[in-house]
Amino acid sequence: MWIISSPAAVEVSVAHTDVIVLGAGIVGICCAAHLAKRGLSVALVDRAGAGEATSYGNTGIITGETLLPPAFPDWRELLRIGLKRSPQVNYHLGSLPRLAPWLAAFAAASRPARLIETARVMRPLFARAVAEHEALAAEAGAERYLNRGGWLKLYRTDAAFVAQVIELELAASYGLGAVPLDRDGALSLEPALAGVFRRAVHWTGAVSVSNPLALTRAYAARLAALGTVALSGDARTLHQANGRWRVETSSGPLDAGDVLLALGPWTSDVLEPLGVRLPLAVKRGYHRHFRPRGNAMLSRPVLDADNGYCLAPMEQGIRLTTGVEFAARDAPPTPVQFARLLPAARQLFPLDEPVEANPWLGARPCFPDSRPVIGRAPRQRSLWLAFGHAHWGLTLGPPTGRLIAELVTGATPFCDPQPYAAERFTR
Ligand SMILES: Cc1cc2nc3c(=O)[nH]c(=O)nc-3n(C[C@H](O)[C@H](O)[C@H](O)COP(=O)(O)OP(=O)(O)OC[C@H]3O[C@@H](n4cnc5c(N)ncnc54)[C@H](O)[C@@H]3O)c2cc1C
């Protein structure tokens with residue numbers, strides 16, 4: 001419920017709401033939806049349109065069976081990366097001194113035992129991802145964007161396949177759907193692929209999205225029906241006024257008892273001035289759409305594991321998404337990975353001309369332990385955080401929304417929130 005107060009002592013009228021959610025990416029929108037469903041009045045504030053930043057350009061895979069996070073590369077791959085020959089990873093030399101502590105922490109978190117521990121503590125969130133998306137999509141009338149065909153990981157060498165057998169074993173122990181296939185088995189699922197790979201794994205439980213922006217906008221449109229108000233404003237105006245949080249919006253100042261930061265890679269811009277420093281870095285990634293040649297089509301996203309890119313069927317064409325670029329968040333785009341991986345991609349699938357003049361660039365918000373931060377901000381009672389979802393923000397938006405809403409309202413959380421607490425970096 002919106003209450004506008006303009007007492008005589010106050011010059012400008014101030015709107016009040018229970019919770020301000022800053023950031024209308026997939027994470028903020030899902031949090032707003034779950035908060036509103038619990039009866040709170042919610043205002044969603046962004047400086048741009050819903051889902052137009054990082055959430056616009058992803059590969060569209062809702063991967064509830066995700067287990068092991070990406071790991072720090074071995075020395076052979078490191079050498080290729082260093083020589084700028086890797087199709088998977090690019091870097092800006094000038095960004096490395098600043099990134100060094102983060103990279104060291106990432107390397108430490110990539111020890112096998114730590115990766116398996118990450119898989120364990122992230123399981124409750126991933127396990128709910130598909131069901132939570134399906135529920136939101138049904139409410140938003142957006143089911144047409146969801147394809148329940150899973151996704152396919154391709155391995156060009158036996159060595160690459162063997163390297164991920166541990167993940168298959170882990171999947172079996174959790175009862176997840178991962179079906180190893182030979183070349184013919186994979187080609188029967190995706191006949192337009194060329195048989196340039198040896199092995200494949202079909203992760204059957206994943207859902208893919210044919211237009212991530214449209215899905216996010218549909219979730220945002222549903223918010224209006226839940227009574228949430230969307231406003232334009234700059235989150236960096238957040239400050240305390242009369243013991244409450246206040247943000248300046250284009251409709252005037254807005255107050256709330258609780259505020260949630262869901263600003264993806266920009267969250268630190270607001271958090272650090274409030275005295276909370278967390279080790280967030282970005283793994284930048286690009287996409288570009290291509291027209292398929294002739295009638296060639298894909299039924300599901302496909303990962304070329306040896307070359308670290310994905311091809312995903314989207315409404316706009318075949319979306320080719322790249323691996324990782326380590327660079328400052330706001331540095332100009334350097335989409336050099338396309339030249340390194342396009343020959344392999346064209347060998348695998350008949351890609352024709354690109355649809356857009358230039359590739360899209362996004363920045364995955366990443367903590368070195370590959371876990372998001374979900375929960376209360378350190379030393380701040382009514383400041384909440386939901387960011388750092390790295391490679392899986394689309395997947396994890398809805399379960400994050402549920403968890404945040406349970407924490408804010410004091411309900412029993414559906415899982416132990418401790419592994420996602422910001423305090424793991426500040427203790
Ligand atoms: C190439 C690529 C492929 C990916 N593939 C997948 C995939 O297949 N599956 C998956 O699950 N995930 C994938 N991801 C990851 C996923 O896209 C992200 O984790 C997710 O989009 C992050 O969402 P978010 O809401 O946290 O951030 P964002 O979508 O970036 O939202 C943050 C919002 O904050 C707003 N904002 C920022 N600063 C301010 C300010 N000062 N004032 C007001 N508003 C502000 C922005 O405008 C934006 O709307 C991929 C990412 C990339 C780059």
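Ligands are counted one by one from 1 in listed order, and the atoms in each one are counted from 1 as well.
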Nitrogen or oxygen atoms of Thr322 and ligand 1 under 3.5 Å apart: no

Full working for side chain to side chain contact (heavy atoms under 4.5 Å, CB included) between Tyr91 and Glu325: CA-CA 5 Å; Tyr91 64 94; Glu325 181 175 70; 6.0 Å; no

Any N or O of Leu394 closer than 3.5 Å to N or O of ligand 1: yes

Atoms in ligand 1 with a heavy atom of Ile26 nearer than 4.0 Å: 23 (O), 25 (O)

Contact check, Asp269 vs ligand 1, heavy-atom distance below 4.0 Å: no

Arg114 and Glu117 ion-paired at < 4.0 Å: no

Polar contact flag for Ile61 and ligand 1 (N/O pairs, less than 3.5 Å): yes

Contact partition for Ala390 relative to ligand 1, non-hydrogen atoms under 4.0 Å: backbone

N/O separation below 3.5 Å, Ala48 to ligand 1: no

Residue-ligand contact His287/ligand 1, heavy atom below 4.0 Å: no

Atom 44 (N) of ligand 1: nearest protein contact (heavy atom, Å): Arg47 N, 3.2 Å

More than 12 heavy atoms of other groups within 6.0 Å of Asp416 CG: yes

Nearest neighbour of atom 53 (C) of ligand 1 from the list Lys283, Arg319, Arg364, on a heavy-atom basis: Arg364

Presence of salt bridge, Asp18 and Arg38, under 4.0 angstrom: no

Nearest-neighbour protein heavy atom for atom 31 (O) of ligand 1, which is reported as residue plus atom name and distance: Gly25 CA, 3.4 Å

Close-contact set for ligand 1 against Gly233 heavy atoms, below 4.0 Å: 42 (N), 43 (C)

Contact check, Arg236 vs ligand 1, heavy-atom distance below 4.0 Å: yes

Atom 50 (C) of ligand 1 - nearest protein heavy atom and its distance: Asn58 CB, 3.3 Å

Whether Ser208 lies under 4.0 Å from ligand 1, heavy atom: no

Sub-4.5 Å side-chain heavy-atom contact between Leu403 and Cys415: yes

Test item, Phe387 contacting ligand 1 (heavy atom, 4.0 angstrom): no

Phe126 and Trp392 aromatic ring geometry - parallel, tilted or perpendicular at 30°/60° bounds: perpendicular

Proximity to ligand 1 by part of Arg284, non-hydrogen separation under 4.0 Å: neither

Polar proximity ligand 1 side, Tyr286 side, N/O cut 3.5 Å exclusive: no

Residue of the set Asp46, Thr237, Leu263, Asp234 for which side-chain contact (heavy atoms from CB on, under 4.5 Å) holds with Leu22: Leu263

Residues Arg217, Glu52: salt bridge by 4.0 Å N-O rule: yes

Enumerated ligand 1 atoms positioned under 4.0 Å from heavy atoms of Gly23: 33 (C), 34 (O)

Nearest-neighbour protein heavy atom for atom 36 (N) of ligand 1, which is reported as residue plus atom name and distance: Leu263 CD2, 3.6 Å

Heteroatom distance test (Thr54, ligand 1): nitrogen or oxygen, under 3.5 angstrom: yes

Stepwise side chain to side chain contact (heavy atoms under 4.5 Å, CB included) check, Phe387 with Phe367: CA-CA 9 Å; Phe387 72 113; Phe367 289 104; 3.6 Å; yes

Numbered atoms and elements of ligand 1 in range of Trp266, under 4.0 angstrom, heavy atoms: 30 (O), 37 (C), 38 (N)

Heavy-atom nearest neighbour in the protein, as seen from atom 42 (N) of ligand 1, with distance rounded to 0.1 Å: Ala235 N, 2.8 Å

Shortest heavy-atom approach to atom 33 (C) of ligand 1 - which of Asp46, Thr249, Ile62: Asp46

Residue among Leu193, Leu303, Asp306 satisfying side-chain contact (heavy atoms from CB on, under 4.5 Å) with Leu154: Leu193

Beyond-backbone contact of Thr426 with Leu278, side-chain heavy atoms, under 4.5 angstrom: yes

Ligand 1 atoms in contact with Trp392 (distance to a heavy atom under 4.0 Å): 10 (C), 11 (O), 12 (N)

Shortest protein heavy-atom distance from atom 16 (C) of ligand 1, along with the residue and atom involved: Gly393 N, 3.7 Å

More than 12 heavy atoms of other groups within 6.0 Å of Leu78 CG: yes

Closest protein heavy atom (residue, atom, distance) for atom 10 (C) of ligand 1: His391 O, 3.3 Å

Proximal ligand 1 atoms for Pro265, defined as those under 4.0 Å from one of its heavy atoms: 30 (O)

Centroid separation His133 to Tyr219 less than 6.0 Å: yes

Heavy-atom side-chain contact between Tyr56 and His287 under 4.5 Å: yes

Arg156 side chain near Gln347 side chain, heavy-atom distance below 4.5 Å: yes

Option nearest atom 5 (N) of ligand 1 (shortest heavy-atom distance, choices Thr59, Leu303, Val27): Thr59

Minimum non-hydrogen distance to atom 23 (O) of ligand 1, winning option of Ser55, Gly60, Gly264, Gly285: Ser55

Crowding at CZ, Arg148 (>12 non-hydrogen neighbours, <6.0 Å): yes

Mutual orientation of the aromatic rings belonging to Phe106 and Phe72 [parallel < 30°, tilted 30-60°, perpendicular > 60°]: perpendicular

Atom pair CG (Leu298) and CZ (Arg319), whose distance is rounded to the nearest 0.5 Å: 13.5 Å

Sub-4.0 Å atoms of ligand 1 with respect to non-hydrogen atoms of Asp234: 40 (C), 41 (N), 42 (N)

